[in-house]
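Below you'll find the structure, written out as structure tokens, and then a few comments.
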Amino acid sequence: MYYTTGFRRDEIQDLVAIVYEQDQRDATEARLSWPPVLGLFWSVVITLAYLRGNRVQWELAETYGVSQPTVSRAITGVTPLLAQALRSVVPTAEELRADRQYIIDGTLLPCWSWAAVPGLWSGKHRTTGVVVQVAATLEGQLSWISDPTPGSRHDLYCLDQSGALDHLATYPPIGDKGYIGRGMLTPFKKPPGRELLDWQKTFNKSLNHTRATIERVIAHIKTWKVLHTDYRRPYATFKTTISAVTGLIFYTLT
């Protein structure tokens, strides 16, 4: 179970309790948000397996001995409950500490291309998806993940929209060249007609070595394959799915 969900059985039972409590808070009438044939425990297991591996629903149906529509109902019912129940453990931009220095970078979460949803194409990544900003400490501790924006948007726009820089004036965050112009520590760009000076090259090398930390943090986030490979469910559910996975990631850090 651990290798398909990323959680031990006792940890899943804790999540089941959290999801059940959230369902009871949200319920306006007697109803279940998950298929009765599965029950809550197995609905949570299937949802975690889907999120962890971005597995095809027919495959999950065969694995757990139910129909594909049952798997779909489980994922559809449990994912929003996870997102809502774990919202309190997800740091906001306002909670980034002014007395800490962070490394910030953007990453694309790929998805299918929907004709009815313009603006998903990222020229930088040559595919469709949404962009999130990620902040980590110099020691590699994940500290914040922004809300998603369409993939066509530049990292700088996404960071501005998040408001994160409003709280980090004391110690400017570290970023790549895409963040030049926002008071962050960024590498020097090669000027037209000449090479960088030796001290600028040394500075860039040192800064890039430090920035490697955020790449490892993002790689860890994307062990949740639903954020790393094309999202196949309806686009309207993507933001909730991202929120659920973000909640699960920070839940494991608490």
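The first residue of the sequence shown is numbered 1, and numbering continues consecutively from there.
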Quiz prompt | Pairwise distance OG1(T76) to CH2(W34) - rounded to 0.5 angstrom | solution = 14.5 Å
Quiz item: Got a donor-acceptor contact below 3.5 angstrom from the T213 side chain to the T210 backbone?
Solution: yes
Exercise. Take S143 and R97 through the side chain to side chain donor-acceptor pair (under 3.5 Å) test and state the conclusion after the steps.
Key: CA-CA 9 Å; S143 302; R97 291 173 51 180; over 6 Å; no
Quiz item: How many angstroms lie between CE in M1 and CZ in R9, if you round to the nearest 0.5 Å?
Solution: 4.5 Å
Exercise. Applying side chain to side chain donor-acceptor pair (under 3.5 Å), name anything that partners T241, two or more places apart in sequence or on another chain.
Key: Y231
Self-check item: Nearest-0.5 Å distance, NZ of residue K190 to CG of residue L196
Solution: 8.0 Å
Quiz item: Under the 4.5 Å side-chain heavy-atom rule for ILVMFWY, direct or indirect, which residues accompany Y102?
Solution: L96, I104, W144, L156, L159, L165, L168, Y179, M184
Quiz item: Given side chains that start at C-beta, do those of I221 and V132 come closer than 4.5 Å, heavy atoms only?
Solution: no
Quiz item: Looking only at atom types and distance, does a side-chain atom of S152 sit under 3.5 Å from a main-chain N or O of W121, one as donor and one as acceptor?
Solution: no
Quiz item: Which heavy atom in P110 sits nearest to a heavy atom in D230, and how many Å separate them?
Solution: CB-OD1, 3.4 Å
Quiz item: Should L108 and K124 be marked as a side chain to side chain contact (heavy atoms under 4.5 Å, CB included) after you check the CA-CA gap, both sets of side-chain angles, and the distance that decides it?
Solution: CA-CA 10 Å; L108 186 86; K124 176 181 177 182; over 6 Å; no
Self-check item: Within one Ile-Leu-Val-Met-Phe-Trp-Tyr cluster: Y235 and L227, side-chain cutoff 4.5 Å
Solution: yes
Exercise. Check whether more than 12 heavy atoms from other residues, nucleotides or ligands sit under 6.0 Å from atom CZ of R153, and answer yes or no.
Key: no
Quiz item: If you measure from CG on L86 to OG1 on T246, what distance do you get to the nearest 0.5 Å?
Solution: 10.0 Å
Practice problem: Kindly work out whether a path of hydrophobic side-chain contacts (I/L/V/M/F/W/Y, heavy atoms less than 4.5 Å apart) joins L109 to L82. | Solution: yes
Quiz item: Closest heavy-atom contact between P150 and G119?
Solution: CB-O, 3.2 Å
Exercise. Over all heavy atoms of both residues, which pair between G106 and I218 is shortest? Give the atoms and the distance, please.
Key: O-CD1, 4.3 Å
Quiz item: Yes or no on side chain to side chain contact (heavy atoms under 4.5 Å, CB included) for V37 and W42, after CA distance, side-chain angles and deciding distance?
Solution: CA-CA 9 Å; V37 67; W42 288 108; over 6 Å; no
Practice problem: Count the heavy atoms of every other residue, nucleotide or ligand shown that sit under 6.0 Å from CZ of F188, and state whether that count exceeds 12. | Solution: yes
Quiz item: How close do P91 and E95 get, heavy atom to heavy atom, and via which atoms?
Solution: CA-OE2, 3.5 Å
Quiz item: What distance do L60 atom CG and T70 atom OG1 have between them, rounded to the nearest 0.5 Å?
Solution: 12.0 Å
Quiz item: Taking all atoms of both residues into account, what is the closest heavy-atom pair of G140 and V217, and its distance?
Solution: O-CG2, 3.5 Å
Quiz item: Tell me, do T237 and T79 make a side-chain contact under 4.5 Å, heavy atoms counted?
Solution: no
Quiz prompt | Short side-chain to backbone donor-acceptor contact, Q101 and P172, under 3.5 Å | solution = yes
Quiz item: For atom CD of E59, is the number of surrounding heavy atoms from other residues, nucleotides or ligands below 6.0 Å larger than 12?
Solution: yes
Quiz item: Are F41 and Q13 close enough that some pair of their side-chain heavy atoms sits under 4.5 Å apart?
Solution: yes
Exercise. Only pairs at least two apart or in different chains count here, so list each side chain to side chain donor-acceptor pair (under 3.5 Å) that has a residue in residues 105-114.
Key: T107-K222
Practice problem: Side-chain contact test, heavy atoms from C-beta onward, threshold under 4.5 Å: evaluate it for S33 versus L81 and give yes or no. | Solution: yes
Exercise. Would you indicate whether H220, at its atom NE2, is surrounded by more than 12 heavy atoms from other residues, nucleotides or ligands within a distance under 6.0 Å?
Key: no
Exercise. Could you point out which residue of D166, D160, D176 forms a salt bridge (Lys or Arg N to Asp or Glu O under 4.0 Å) with R182?
Key: D160
Quiz item: Donor-acceptor pair, S243 side chain versus K239 backbone, under 3.5 Å?
Solution: yes
Quiz item: Are L185 and W199 grouped together when hydrophobic residues (ILVMFWY) are joined by side-chain heavy atoms under 4.5 angstrom apart?
Solution: yes
Exercise. Mark yes or no for whether S206, through its side chain, and T202, through its backbone, hold a donor-acceptor pair below 3.5 Å.
Key: no
Quiz item: Is it true that a side-chain atom of R232 and a backbone atom of N54 form a donor plus acceptor pair closer than 3.5 Å?
Solution: yes
Self-check item: I180 with Y157, same ILVMFWY side-chain cluster at under 4.5 Å
Solution: no
Quiz item: Any side-chain heavy-atom pair from I174 and L138 closer than 4.5 angstrom?
Solution: yes
Quiz item: Would V56 and Y64 show up in the same hydrophobic cluster when neighbours are defined by side-chain heavy atoms closer than 4.5 Å?
Solution: no
Quiz item: Are the side chains of H209 and K205 in touch, meaning some heavy atoms are under 4.5 Å apart?
Solution: no
Quiz item: Do we see a donor-acceptor contact under 3.5 Å between the side chains of T63 and R55?
Solution: yes
Quiz prompt | Shortest non-hydrogen contact from A164 toward A93 | solution = CA-CB, 3.9 Å
Practice problem: Start with the C-alpha gap between Q141 and L253, add the side-chain angles, then the distance that decides, and say whether side chain to side chain contact (heavy atoms under 4.5 Å, CB included) holds. | Solution: CA-CA 9 Å; Q141 178 71 37; L253 298 177; 3.8 Å; yes
Quiz prompt | Nearest-0.5 Å distance, CG of residue L248 to CZ of residue F7 | solution = 5.0 Å
Practice problem: Dump the intermediate steps for side chain to side chain contact (heavy atoms under 4.5 Å, CB included) on L38 and R73, then the final yes or no. | Solution: CA-CA 10 Å; L38 281 174; R73 287 196 297 273; over 6 Å; no
Quiz item: Looking at R194, E195, K201, which one forms a side-chain contact (heavy atoms from CB on, under 4.5 Å) with L197?
Solution: R194
Quiz item: Backbone N or O of A212 within a donor-acceptor pair of the E215 side chain at under 3.5 Å?
Solution: no
Quiz item: Has the side chain of T229 got a donor or acceptor atom that lies under 3.5 Å from a matching backbone atom of V226?
Solution: no
